Amino acid sequence: MTDEPLSLQGRQQTAQAMRRRMVITLVAAVVLIGGGWITLWAAGGNSSVATAPHAPTASAGSRRPSDELLETTKGLQVTQQQAVDQLQVVQDQLVAQQAEMKKLAEQITALTEKLDALQQSTHAAGPTPKSH
């Protein structure tokens with residue numbers, strides 16, 4: 001009977017590990033997609049500035065793309081930090097859930113042992129005589 005809680009615990013740990021990998025993959029995908037979108041958006045803005053016909057506006061325009069690049073970089077850093085913060089929260093929740101599952105598994109094991117002992121004591125006592 002002690003194999004059942006262990007196999008249940010093993011399955012739960014496997015499921016948690018899969019969920020953790022999925023969350024990490026999703027966060028990474030969101031960061032990469034967001035970064036790609038911001039990069040494309042910034043590149044789209046740069047191409048319209050680069051086609052300016054006048055030299056003075058081109059030099060003024062060259063400052064603008066660098067400013068946009070700085071803003072884009074800052075935006076990416078903020079997005080990345082938010083993703084890291086969210087991932088930390090998820091990891092903390094997983095650790096708390098694992099601790100709770102361990103505690104519950106220990107309680108189940110203790111109850112199973114008590115039930116086994118109770119069943120053995122009733123079998124050892126034999127059938128009780130019935131009074132009429």
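No experiment lies behind these values; they were computed from the predicted model shown.
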Problem set entry | Distance in Å, Gln98 CD paired with Gln16 CD, rounded so as to fall on 0.5 Å steps | 4.5 Å
Problem set entry | From CG (Leu104) to CD (Gln97), nearest 0.5 Å | 11.5 Å
Exercise. What is the distance from atom CG of Leu115 to atom CG of Leu111, rounded to the nearest 0.5 Å?
Worked result: 8.5 Å
For this session: Would you give the length of the straight line joining atom CG of Leu118 to atom NE2 of His123, rounded to the nearest 0.5 angstrom?
Result: 9.5 Å
Would you mind writing out the side-chain donor-acceptor pairs for residues 77-95 within the sub-3.5 Å range, not counting sequence neighbours?
unit_1, atom_1, unit_2, atom_2, d
Thr79, OG1, Gly75, O, 2.9
Gln81, NE2, Asp85, OD1, 2.8
Gln88, NE2, Asp92, OD1, 2.9

Seminar exercise, completed: OG1 (Thr122) and CD (Gln120) are apart, to the nearest 0.5 Å, by 9.0 Å
For this session: List in chain and number order the residues that pass side chain to side chain contact (heavy atoms under 4.5 Å, CB included) with Glu71, two or more places apart in sequence or in another chain; answer none if no residue qualifies.
Result: none
